[in-house]
Amino acid sequence: MSEKLLLLGDEALALGALHSGISGVYAYPGTPSTEITEYIQSQKGYKGRGVARTYGEPPVHCNWSANEKTAMEEALGASYAGKRALVCMKHVGMNVCADPFMGSAMTGANGGLVIAPCDDPSMHSSQNEQDSRFYAQFAMVPCFEPSSQQEAYEMMSGAYDFSEKYNIPVVFRMVTRLSHSRAVVQPHEARRQNELHYPAADKARQWVTLPVNARVRNAQLVKDYLTFEEEAAKSPYNVFTDGPDKSVGIIACGLGYNYLMENFKDGCPFPVLKISQYPFPRKLALKLAEQCRTILVIEEGQPLVETALCGVFPSGITVKGRLDGTLPRTGELDPDCVRKALGLPERQGHEACKIVVPRPPALCQGCGHRDFYAALNKALEGFDGARVFGDIGCYTLGYMPPFKSLHTCVEMGGSITMAVGASLSGGYPMVAVIGDSTFTHSGMTGLLDAVNENADVTICISDNETTAMTGGQDSAGTGKIERICEALGVAPEHIRTIVPLPKNAAEMEQAIREEVEYHGVSVIVSRRECIQTAKRHAAAKAKEAKTQQL
């Protein structure tokens, strides 16, 4: 395949997965990972049920999952059936899928299984800076970390081959700057999908993680992890390059290698160990330490490798990086901070434009969340102890002026259960605000707890009929919210639906106040389509109508 393509890092990863013969991608949208699944959905043949690719094969599954845990479990089932599967999420999604992910290290993989978390250093759209490499280390599974778009494409094939060679899930770590930047990618020919096949007899028992089986598997996994390290030491993605200047040796991980080389267009004069496959290959690090007494570690995210080196090098070796302040301890790296760490002259650049005014994120003009928050604030006037527990979504911006409606926001689904806990501790009135997609992601179990506790809470589900914050993907709860709430035990007379429009302000305020004054579990569904998706739908209908006229 000779055609070169200009792709985002996420798109390069997705194309690499398609060309590696995946049968399904299982994901929940979240920045900066969303474009992986969207790219697969956009390929020729996608009609809402999958991508028909080559060789007359079955379509590639690419519908959104309800959350990251269900995505991981669905992909694990596909792997059990011998198919290659891809799991995608943003880094905090690893917390949601941690149970089946850790379990997958014990079951192993049958068909190739790759988990692709996209980390978000500098928290461009996230609540923390966690580093997914720690999850791979924790589970004792291999981790691949590309340094460029081309490598993201090529390494997918290597990750799937590795997964099937050792019957092990593989973590494929991306970061925001790689996910959301473009470069030219040279594709190769696509591989066929795997045929359906179940685990061989000698592997079957490890898929039932009873203690009698898990103990045997755990011992084998510990042995295999040593093998994974040996494989990393000879991996084509981990490269040692010698250099004439031995004053410092450099370990550059993933995108950190890209930042380093941007400062040396004609080649780096220092010895460099490029790391893109884990477990961290200690043998290669020791080889570097034989030449250099000072080691600089460049890694995007948290200092995983830098910390590990403390127990690897002999005395007399100085390790520099994020821990000692040579590189920033938090946020993204860039070529300039790497340049400074190496003691190179500062680049001359332009000063930041002083006429540009910072524009913090805000709810769109005409957004239904605005009218809902205006009504909520009005309804809660006079309740001195009122607290509103927020959740993850566009509506989180209700914390910002002019509404200043929210008091908390921790993680997806936390609003309902935090409101329950505060209510059971004597707080009144306790209100939870959650979106439709977040409700089906991880809020339903919280509502069940509220019902079982008969907690004195009012739960407001702000339903804009899409997963708006990440670009308007399908929401699993569309058309089902009220029925789900009733099925979970909420009294039907205390499930109210309002339409957030200025003309309905008085009606909305009254409905919210009545349910706040009710002592028990009540639900208010505030429903109006996201204004952005409504515009797109209207434009699509107009285009279709015009086409029919022609």
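Hydrogens, waters and symmetry mates are skipped; everything else that's a heavy atom, side chains included, is used.
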Does a salt bridge link E306 with R322, judged by any charged N lying under 4.0 Å from a carboxylate O?
no

So that I can tick it off, tell me whether K90 and E68 are bridged by a salt bridge, with the cut-off set at under 4.0 angstrom between side-chain N and carboxylate O.
no

Is it true that a side-chain atom of E129 and a backbone atom of G331 form a donor plus acceptor pair closer than 3.5 Å?
yes

L15 side chain reached by P187 side chain, heavy atoms, under 4.5 Å:
yes

What distance separates S235 OG from E229 CD, expressed to the nearest 0.5 Å?
13.0 Å

If you measure from the Lys or Arg side-chain nitrogens to the Asp or Glu carboxylate oxygens, is any gap between E73 and K69 under 4.0 Å?
yes

Within a strict 4.5 Å, meaning less than it, do heavy atoms of the D120 and S125 side chains meet?
yes

Can you label the angle between the Y80 ring and the W207 ring as parallel, tilted or perpendicular, going by 30° and 60°?
perpendicular

Which word best sums up how the rings of Y166 and F162 line up, parallel for under 30°, tilted for 30 to 60°, or perpendicular for over 60°?
tilted

Determine, step by step, whether T241 and V239 satisfy the side-chain contact (heavy atoms from CB on, under 4.5 Å) criterion, reporting the C-alpha distance in whole Å, the side-chain angles of both residues, the deciding distance to 0.1 Å, and the verdict.
CA-CA 6 Å; T241 306; V239 181; 3.9 Å; yes

side-chain contact (heavy atoms from CB on, under 4.5 Å) for L284 and N238? Distances and angles first, verdict last.
CA-CA 9 Å; L284 294 181; N238 292 343; 4.1 Å; yes

Is a side-chain N or O of Y160 found less than 3.5 angstrom from the main chain of A85, in a donor-acceptor match?
yes

I'd like to know if the side chain of Q473 reaches the main chain of T34, judged simply by a donor and an acceptor atom lying under 3.5 Å from each other, with no hydrogens or angles considered.
no

Do side-chain atoms of S442 reach the backbone of M412 as a donor and acceptor pair under 3.5 angstrom?
yes

Could you tell me if the side chain of V171 sits less than 4.5 Å from the side chain of P142, heavy atoms only?
no

Do any N or O atoms from the side chain of T440 and from the backbone of S437 form a donor-acceptor pair under 3.5 angstrom?
yes

Side chain to side chain donor-acceptor pair (under 3.5 Å) between Q302 and T307, worked out:
CA-CA 9 Å; Q302 296 170 313; T307 303; over 6 Å; no

Charged N-O contact under 4.0 Å between R339 and E262
no

More than 12 heavy atoms from other groups under 6.0 Å of CZ on F134:
yes

Test: E11 and R182 ion pair at under 4.0 Å:
yes

side-chain contact (heavy atoms from CB on, under 4.5 Å), that's the test. Do K320 and I295 meet it? Break it down for me.
CA-CA 6 Å; K320 295 185 175 182; I295 306 294; over 6 Å; no

Other residues, nucleotides and ligands only: do more than 12 of their heavy atoms fall within 6.0 Å of NZ on K246?
yes

Would you say Q137 and Y225 make side-chain contact, with heavy atoms under 4.5 Å?
yes

Roughly how far, to the nearest 0.5 Å, is the SG atom of C97 from the CG atom of D99?
9.5 Å

Without swapping roles, check the side chain of S132 against the backbone of H91 for a donor-acceptor pair under 3.5 Å.
no

Evaluation steps, side-chain contact (heavy atoms from CB on, under 4.5 Å), between T467 and D474:
CA-CA 6 Å; T467 310; D474 293 339; over 6 Å; no

What are the two closest non-hydrogen atoms of C409 and D391, and how far apart are they?
SG-O, 3.4 Å

If you draw a 6.0 Å radius around NZ in K480, do more than 12 non-hydrogen atoms from other residues or ligands fall strictly inside?
yes

Measure centre to centre between the rings of Y153 and H188, then say whether the value is under 6.0 Å.
yes

Any ion pair linking R84 and E164 (charged N to carboxylate O, less than 4.0 Å)?
yes

Answer yes or no: is there a donor N or O on one side and an acceptor on the other, between the side chain of D119 and the main chain of V175, under 3.5 Å?
no

Under 3.5 Å, side chain of T438 to main-chain N/O of I434, donor-acceptor pair present?
no

Please confirm whether the backbone N or O of S148 pairs with a side-chain atom of N258, one donor and one acceptor, at under 3.5 Å?
no

Is it true that R133 and E300 make a salt bridge, defined as a side-chain N closer than 4.0 Å to a carboxylate O?
no

Does the side chain of N95 pick up a donor-acceptor pair with the side chain of Q130 at under 3.5 Å?
yes

Check this for me, if you would: do R173 and D131 make a salt bridge, where the nitrogen-to-carboxylate-oxygen distance has to be below 4.0 angstrom?
yes

Any donor-acceptor N/O pair, N167 side chain to A109 backbone, under 3.5 Å:
yes

